[in-house]
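Single-structure report; data block below.
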2 protein chains.
Amino acid sequence: MGVQTDLREKLISDYAKLSPQMQKAARYILDHPSDVALRSMRALARAADVPPSTITRLMSAIGVETWQEFRDHYQNRLLDQPASYAQRARETQRTENDANRDEHLLESICRTEIDNISAAFSPELVSRLIEACEAIEDARQVFIVGRGAAYPAACQFAYAYRLFCDNGVLVDGHSGTFGDELRGIGRRDLLIAVGAKPYIRDTVRAVEFARSQHCLVIALTDSDVSPIAMDALCKLVVRDTSQSFFQSFTAALSVMQALVALLVARGGPKALQRIAAAEEQLAVFDTYLED
Amino acid sequence: MGVQTDLREKLISDYAKLSPQMQKAARYILDHPSDVALRSMRALARAADVPPSTITRLMSAIGVETWQEFRDHYQNRLLDQPASYAQRARETQRTENDANRDEHLLESICRTEIDNISAAFSPELVSRLIEACEAIEDARQVFIVGRGAAYPAACQFAYAYRLFCDNGVLVDGHSGTFGDELRGIGRRDLLIAVGAKPYIRDTVRAVEFARSQHCLVIALTDSDVSPIAMDALCKLVVRDTSQSFFQSFTAALSVMQALVALLVARGGPKALQRIAAAEEQLAVFDTYLED
DNA sequence: AGAATGTCGAAACAACTGTTTCAAAATTAT
DNA sequence: ATAATTTTGAAACAGTTGTTTCGACATTCT
């Protein structure tokens with residue numbers, strides 16, 4: 001065969017020279033290559049939020065005669081690339097060098113992560129999540145605490161939550177001593193505490209302090225008998241099983257994100273409106289890069 | 001519905017009971033499964049030398065409502081995805097209108113998250129992860145930057161990395177102006193940048209600055225043409241598909257954790273030794289709660 | 001300022017999609 | 001052989017496909 005240029009590479013290299021709309025289309029194609037092979041052009045255009053004509057224009061822009069040609073290329077790629085499981089199995093049978101030891105590790109990490117996530121969305125957890133939502137909606141102030149490896153999950157929730165509610169406080173100790181942010185916590189408030197074994201003193205102390213002030217607690221932790229979950233109104237127990245030395249906080253993060261999604265969904269248009277306002281404010285601060 | 005019947009098996013078991021023309025069609029399908037996924041029904045009929053109506057009749061004969069359903073099944077098999085989570089997610093969204101709307105939402109979030117994770121551990125990403133590892137091992141200093149919603153993922157990596165390597169620097173702007181930590185960055189160093197659309201200016205600037213100082217970049221982002229991935233040594237592209245308004249950083253976090261696990265595994269006993277030392281040091285500070 | 005250029009999306013197009021209908025043909029039972 | 005039944009493919013269908021066209025809009029240049 002002649003010069004079989006890889007259209008994907010072409011798309012990347014020409015990307016900068018394309019018009020904004022074409023970039024949008026090109027980007028979607030790069031991010032969803034299998035859609036090109038399996039779906040129709042119009043369906044792809046719809047998914048990429050672009051009129052069909054943009055796709056056609058993109059074709060001629062990258063020197064492809066017709067969509068059919070482009071699609072064929074992607075279909076062949078899909079067929080050439082053997083089913084990944086089969087491929088991996090073959091590689092496994094080769095001599096055990098370091099490279100496929102790494103691959104094995106990653107594969108088993110993947111499985112574990114998926115297990116952790118599906119466990120986190122079990123029916124029981126789902127109903128507890130809804131309870132958690134109701135508690136958050138009723139709270140005056142929502143404090144979020146998570147130290148060490150649990151900090152990212154806490155942080156994630158606090159960031160998203162603050163985009164549509166102004167009563168969220170992340171207890172991270174950045175403003176002086178840790179726990180400073182908890183001053184004034186009381187009966188009508190709520191503390192969301194995140195942490196798994198080994199439990200960090202600060203987190204446990206924060207929970208105990210909150211309880212002493214009659215503040216309700218939602219615990220996102222690794223066990224029903226975790227010190228963080230003591231006397232909690234709502235215990236969100238997730239797995240942190242991991243192949244490596246460290247615990248995995250993937251499930252915890254996922255649950256945090258789900259909690260946010262639930263709150264927004266229940267908040268209705270009012271919540272969306274607040275998010276829009278928050279984004280506008282960020283735009284004023286020139287936070288984002290415009291296209 | 002819930003029963004994941006393999007249509008191929010069904011075709012074989014029912015083969016004897018089919019009419020001659022249908023057998024002809026069934027036989028072609030069994031011999032050319034990828035044609036089902038990639039070509040149109042009429043094209044398939046033409047190739048099997050059978051009128052289109054025979055295919056339709058075959059569908060109802062094996063208890064399949066529509067050709068679309070049949071084709072979807074084969075497409076998913078081609079993609080090596082046991083089930084089309086994304087599509088089912090769409091279906092659940094349609095039927096939701098009741099009080100169990102929350103449960104439906106959570107269920108579809110779960111599926112999307114699992115999809116994102118499995119995509120993040122595809123063979124291609126796995127080999128890129130190993131490349132990333134090598135780059136990290138060779139680097140003098142490792143800077144990690146991630147703003148906004150990407151901060152937790154960056155934070156996670158930095159925290160874990162610091163437990164067994166002392167050349168990691170989290171660029172978070174806590175110590176004065178953002179980017180201050182980048183001073184002195186150079187040829188032998190490495191920057192790990194995390195971010196998805198909408199891209200935050202600070203992150204892009206950090207990447208550009210690093211590049212200008214001839215520092216290598218590893219990008220953990222949502223597209224090959226993301227501004228963060230420009231000229232990156234290694235592009236770790238993960239999905240951030242989400243049911244809610246916000247992007248999901250679950251896959252990004254998971255990849256970060258996997259990177260740490262890989263580094264530790266490759267580091268051998270020396271790495272474990274350093275972790276032990278770090279833990280001991282934390283114990284001295286009375287960080288953890290003992291049992 | 002106005003002209004030239006590039007970009008964009010709605011509409012129109014013929015071709016093709018998956019499906020249904022119906023009468024002819026082939027098979028089976030009587 | 002004749003009636004009853006099944007099997008078959010052409011034709012018609014409404015909807016969708018990929019592509020082209022054209023006027024509106026925005027941007028750049030003079």
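Note: hydrogens, waters and symmetry copies are ignored here, and every other heavy atom, side chains too, is used. Remember, it's a predicted structure, so these values are computed and weren't measured experimentally. Every chain is numbered from 1, with letters handed out A, B, ... down the list of sequences.
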Nearest 0.5 Å, what's the [atom1]-[atom2] distance between [X] and [Y]?
| X | Y | atom1 | atom2 | answer |
| --- | --- | --- | --- | --- |
| B:I114 | B:I109 | CD1 | CD1 | 12.5 Å |
| B:R239 | A:D31 | CZ | CG | 9.5 Å |
| B:L236 | B:M256 | CG | CE | 8.0 Å |

Taking only distance into account, with no hydrogens and no angle test, what donor-acceptor pairs under 3.5 Å do side-chain atoms of residues 269-285 of chain A form with protein atoms, sequence neighbours excluded?
residue	atom	partner	partner atom	Å
A:R274	NH1	A:F164	O	3.4

Inset, instruction - Describe the nucleic acid contact of A:R46 in one word from base, sugar-phosphate, nothing, applying a heavy-atom distance below 4.0 Å. - result: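 Contact class for A:R46: sugar-phosphate only.
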Inset, instruction - Examine the side chains of B:D222 and B:Y199 and answer whether a donor and an acceptor come within less than 3.5 Å of each other. - result: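 Result is yes, a qualifying pair exists.
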Inset, instruction - Starting from the C-alpha separation in whole Å, work towards a yes-or-no answer on side-chain hydrogen bond (donor to acceptor under 3.5 Å, both in side chains) for A:D35 and A:Y28. - result: CA-CA 9 Å; A:D35 278 25; A:Y28 186 89; 2.9 Å; yes
Legend entry - Opening and closing nucleotides of DNA chain D in contact with chain A, under 4.0 Å to non-hydrogen atoms: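 Range of nucleotides within reach of chain A: D:dT17 to D:dT20.
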Inset, instruction - Validate the cation-pi geometry between A:R27 and A:Y15: distance from NZ or CZ to the six-membered ring centre under 6.0 Å, angle to the ring axis within 45°. - result: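 Cation-pi check for A:R27 and A:Y15: fails.
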Inset, instruction - Carefully, step by step, assess B:R147 and B:F178 under the rule side chain to side chain contact (heavy atoms under 4.5 Å, CB included). - result: CA-CA 10 Å; B:R147 301 284 287 179; B:F178 178 79; 3.0 Å; yes
Legend entry - Interface residues of residues 63-72 of chain A with DNA chain D (non-hydrogen, below 4.0 angstrom):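 Contacting residues: A:T66, A:W67.
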Legend entry - Contacts of type ring-ring contact (aromatic ring centres under 6.0 Å, His included), residue B:F246, not counting sequence neighbours: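 Result, ring-ring contact (aromatic ring centres under 6.0 Å, His included) vs B:F246: none returned.
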Protein-nucleotides 3-9 of chain C N/O pairs under 3.5 Å:
residue	atom	partner	partner atom	Å
C:dC8	OP1	A:Q21	N	3.0
C:dC8	OP2	A:S19	OG	2.1
C:dG9	OP1	A:Q21	NE2	3.1
C:dG9	OP2	A:Q21	NE2	2.9
C:dG9	N7	A:R57	NH2	2.6
C:dG9	O6	A:R57	NH1	3.2
C:dG9	O6	A:R57	NH2	3.3

Legend entry - Any residue meeting side-chain hydrogen bond (donor to acceptor under 3.5 Å, both in side chains) with A:T250, in chain and number order, not counting sequence neighbours: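 For A:T250 the side-chain hydrogen bond (donor to acceptor under 3.5 Å, both in side chains) partners, ignoring immediate neighbours, are A:E113, A:S248, B:Q257.
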Inset, instruction - Could you say whether B:P52 or A:T56 is positioned toward the 5' end of DNA chain D, judged by the nucleotide with the nearest heavy atom to each? - result: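 This one resolves to B:P52.
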